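Single-structure report; data block below.
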Amino acid sequence: MRVLVTGGAGFIGGRVVEALRARGHEAVVFDLRHGDDVRDAPAVAAALDGVDAVCHQAAMVGLGTGFGDAVEYVSRNDLGTAVLLAGMADAGVRRLVLAGSMVVYGEGRYACGRHGVVRPGPRAVADLEAGRFEPRCPRCGEELAPGVVGEDAPVDPRNVYATTKLAQEHLAAAWARSVGGTAVSLRYHNVYGPGMPRDTPYAGVASFFRSALARGEAPRVFEDGGQRRDFIHVSDVAAANVAALEAGSPDGSLAVYNTGSGQVRTVGEMAWALAEAYGGPDPVVTGEYRLGDVRHITADSARLRAELGWRAETGFADGMREFARAPLSPAPHPATVPPQSPRPTPTRTP
């Protein structure tokens with residue numbers, strides 16, 4: 001296949017390009033770093049010429065620095081996706097794999113000992129300020145037990161980035177129904193690995209910690225470090241994209257797959273593993289928080305393994321040792337991220 005990879009010069013997109021070429025496919029890179037913008041309809045139309053499929057990785061990622069970023073997130077992620085899908089409809093390209101995200105679920109799955117599975121509401125500032133980070137049962141206020149989320153769980157995006165990622169899926173589903181195309185959304189967990197961008201507020205927590213270590217500083221762990229996540233190596237994410245492109249999905253529909261390692265870890269565990277592999281300094285638990293963050297989000301990737309024959313190959317310990325030694329990429333060019341908000345998110349320090 002000849003595959004157009006938007007964001008193909010980026011952290012994940014670059015690995016997808018490598019994985020496609022290793023499987024004998026022709027990968028065409030379309031990336032803002034090369035002057036390509038998915039919001040530019042004529043540029044998109046030219047790039048789609050002769051293409052069999054699209055792997056859409058281009059996006060503005062991360063939580064951002066405040067609600068002032070909302071316009072830029074919506075423009076880059078949702079308007080850009082709409083322009084791309086319209087171009088695909090015109091060009092007769094009928095196969096799409098979308099870089100989705102587990103952030104569309106909001107908080108993860110929780111069970112109360114008295115009331116069964118419940119959905120806690122957004123965490124209150126007063127609780128976060130007081131260091132009460134765990135969500136409570138919305139009915140009785142008791143502690144909850146976190147679990148894994150399946151693809152059929154209700155979605156509840158709790159920040160602007162998450163909202164734009166869900167909108168991308170809705171656009172892809174509408175496109176598939178309209179043109180009879182095949183569309184797959186891979187809901188990524190926390191992706192890490194060599195080549196992550198350094199020192200940017202829009203990178204993932206793994207990049208924050210690794211950048212701090214490179215500066216000789218202690219990784220700063222927000223809340224109490226007990227946030228549960230699934231850290232998945234970038235090479236495994238790239239392999240999932242290739243598997244989805246080669247398998248496709250039923251015409252006229254959107255297939256959704258959680259894409260994680262299946263290994264639940266805490267943010268604190270990740271910080272300590274990186275620091276130990278790098279040689280210190282030790283992480284510092286700060287008690288700070290970001291209001292748009294969720295406490296626990298881990299999802300079940302069994303459907304992806306069963307239906308596409310994919311499995312994560314890189315274990316947590318091996319992946320962290322490799323990441324600790326690997327160089328980071330320079331921070332993205334200023335044109336690829338918006339200016340930081342002048343009003344910081346409230347934080348708590350001990």
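Along the sequence shown, residues are numbered consecutively beginning with 1. Because the structure is a prediction, the values reported are computed rather than measured.
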Open item on the list: As an exercise, state the distance from CD of E72 to OG1 of T164, rounded to the nearest 0.5 Å.
Closed with: 11.5 Å
Open item on the list: If we count only N and O atoms by modelled type, under 3.5 Å, do the side chains of H189 and S261 hold a donor and an acceptor together?
Closed with: no
TODO: Locate the shortest heavy-atom distance separating A244 from L308; write the atom from each residue and the value.
DONE: CA-CD1, 3.8 Å
- [ ] Verify, without hydrogens or angle tests, whether R210 (side chain) and A324 (backbone) share a donor-acceptor contact under 3.5 angstrom.
- [x] yes
TODO: Specify the closest pair of heavy atoms between A59 and N77, including all atoms of both residues, with the distance to one decimal.
DONE: CA-OD1, 3.3 Å
Task: Pair I297-V149, side chain to side chain contact (heavy atoms under 4.5 Å, CB included): steps then yes or no - done: CA-CA 8 Å; I297 176 63; V149 179; 4.1 Å; yes
Open item on the list: In the structure I gave you, are the side-chain heavy atoms of L20 and V16 within less than 4.5 Å of one another anywhere?
Closed with: yes
Open item on the list: With clusters defined by side-chain heavy atoms of hydrophobic residues (ILVMFWY) lying less than 4.5 Å apart, directly or transitively, does Y110 cluster with V294?
Closed with: no
Open item on the list: So which atom in V29 and which in V17 form the shortest heavy-atom distance, rounded to 0.1 Å?
Closed with: CG2-CG2, 3.8 Å
Task: CZ-OH distance between F323 and Y278, expressed to the nearest 0.5 angstrom - done: 11.5 Å
Open item on the list: With heavy-atom distances below 4.5 Å as the criterion, would you say the side chains of I232 and Y188 are in contact?
Closed with: no
Task: With E169 via salt bridge (charged side-chain N to carboxylate O under 4.0 Å, His left out) - residues at least two apart - done: R187
Open item on the list: On a heavy-atom basis, which atom in A172 and which in L98 lie closest, and how many Å separate them?
Closed with: CB-CD2, 4.5 Å
Task: Rounded distance (nearest 0.5 Å) linking atom OG1 of T182 with atom CG of L96 - done: 7.5 Å
Task: Heavy-atom pair with the smallest gap, counting every atom of V234 and I12 - done: CG2-CA, 4.0 Å
Open item on the list: With rounding to the nearest 0.5 angstrom, report the CZ to CG distance, R303 to D152.
Closed with: 4.5 Å
TODO: Report yes or no: does Q227 contribute a side-chain atom to a donor-acceptor pair with the main-chain N or O of F222 at less than 3.5 Å?
DONE: yes
Open item on the list: With a 4.5 Å cut-off on side-chain heavy atoms, are S101 and Y161 touching?
Closed with: yes
Task: Contact summary for V242 and A19, nearest pair of heavy atoms - done: CG2-CB, 3.6 Å
Open item on the list: Distance check, rounded to the nearest 0.5 Å: Q263 atom CD versus S301 atom OG?
Closed with: 11.0 Å
Open item on the list: Please evaluate residues D300 and R305 with respect to the criterion side chain to side chain contact (heavy atoms under 4.5 Å, CB included), reporting the C-alpha separation (whole Å), side-chain torsions for both, the decisive distance (0.1 Å), and the verdict.
Closed with: CA-CA 10 Å; D300 184 357; R305 294 192 298 270; 4.2 Å; yes
- [ ] Spell out, as yes or no, whether a donor-acceptor pair under 3.5 Å connects the side chain of S329 to the backbone of P197.
- [x] no
Task: Main-chain N/O of A302 paired with Y257 side-chain donor or acceptor, under 3.5 Å - done: no
TODO: May I ask you to say whether R295 pairs ionically with D224, meaning some side-chain N is under 4.0 Å from a carboxylate O?
DONE: yes
Task: Side chain E142, main chain C112, donor-acceptor under 3.5 Å - done: no
Task: Within-4.5 Å side-chain heavy-atom neighbours: R139 and R114 - done: no
Open item on the list: Is any side-chain heavy atom of K165 closer than 4.5 Å to one of P157?
Closed with: no
Open item on the list: Can you tell me how far apart OG (S207) and CG (L328) are? Round to the nearest 0.5 Å.
Closed with: 5.5 Å
Task: Heavy atoms of other groups near E143 CD, more than 12 under 6.0 Å - done: no
- [ ] Keeping the roles fixed (side chain from H233, backbone from S235), state whether a donor-acceptor pair exists under 3.5 Å.
- [x] yes
Open item on the list: Check whether T298 reaches the backbone of R229 with its side chain - one donor and one acceptor, N or O, closer than 3.5 Å.
Closed with: no
Task: H56/V97 under side chain to side chain contact (heavy atoms under 4.5 Å, CB included): CA gap, chis, key distance, verdict - done: CA-CA 6 Å; H56 185 31; V97 173; over 6 Å; no
Open item on the list: Does D52, at its CG atom, have more than 12 non-hydrogen atoms belonging to other residues, nucleotides or ligands within less than 6.0 Å?
Closed with: yes
Task: Criterion side chain to side chain contact (heavy atoms under 4.5 Å, CB included) on F11 and V191, from CA distance to verdict - done: CA-CA 10 Å; F11 166 49; V191 186; 3.9 Å; yes
Task: 4.5 Å side-chain heavy-atom contact, W272 and D282 - done: yes
TODO: Assess R265 against F316: is NZ or CZ under 6.0 Å from the centre of the six-membered ring, and within 45 degrees of the ring's axis?
DONE: yes
Open item on the list: Quick one, V221 and F209 - any side-chain contact, counting heavy atoms below 4.5 Å?
Closed with: yes
Open item on the list: Is there a continuous path of hydrophobic side-chain contacts, each under 4.5 Å between heavy atoms, that joins V205 to M320?
Closed with: yes
- [ ] Ignoring hydrogens and angles, state whether a donor on the side chain of Y105 or N258 is under 3.5 Å from an acceptor on the partner side chain.
- [x] yes
Open item on the list: Take a 6.0 Å sphere around CD of E217 and say whether it holds more than 12 heavy atoms from other residues, nucleotides or ligands.
Closed with: yes
TODO: May I ask you to check whether Q57 and N241 show a side-chain donor-acceptor distance below 3.5 Å?
DONE: yes
Open item on the list: Working note: D69 + R76, criterion salt bridge (Lys or Arg N to Asp or Glu O under 4.0 Å); need CA distance, chi angles, decisive distance, verdict.
Closed with: CA-CA 11 Å; D69 292 341; R76 294 191 183 277; over 6 Å; no
TODO: Without swapping roles, check the side chain of Y73 against the backbone of G62 for a donor-acceptor pair under 3.5 Å.
DONE: yes
- [ ] Considering only NZ, NE, NH1 and NH2 on the basic side and carboxylate oxygens on the acidic side, decide whether E107 and R119 come within less than 4.0 Å.
- [x] no
Task: Verify same cluster id: V179, L254 (apolar side-chain graph, 4.5 Å) - done: no
Open item on the list: Determine whether a donor-acceptor pair (N or O, by modelled atom type, separation under 3.5 Å) exists between the side chain of H25 and the backbone of M1.
Closed with: yes
- [ ] State plainly whether one hydrophobic cluster holds both L85 and V51, where clusters connect Ile, Leu, Val, Met, Phe, Trp and Tyr through side-chain heavy atoms under 4.5 angstrom apart.
- [x] yes
Task: Test item: R158 and R123 side chains (from C-beta on) under 4.5 Å apart, heavy atoms - done: no
Open item on the list: Please say yes or no: joined through hydrophobic side-chain contacts below 4.5 Å, possibly via intermediate residues, are L171 and V54 part of one cluster?
Closed with: yes
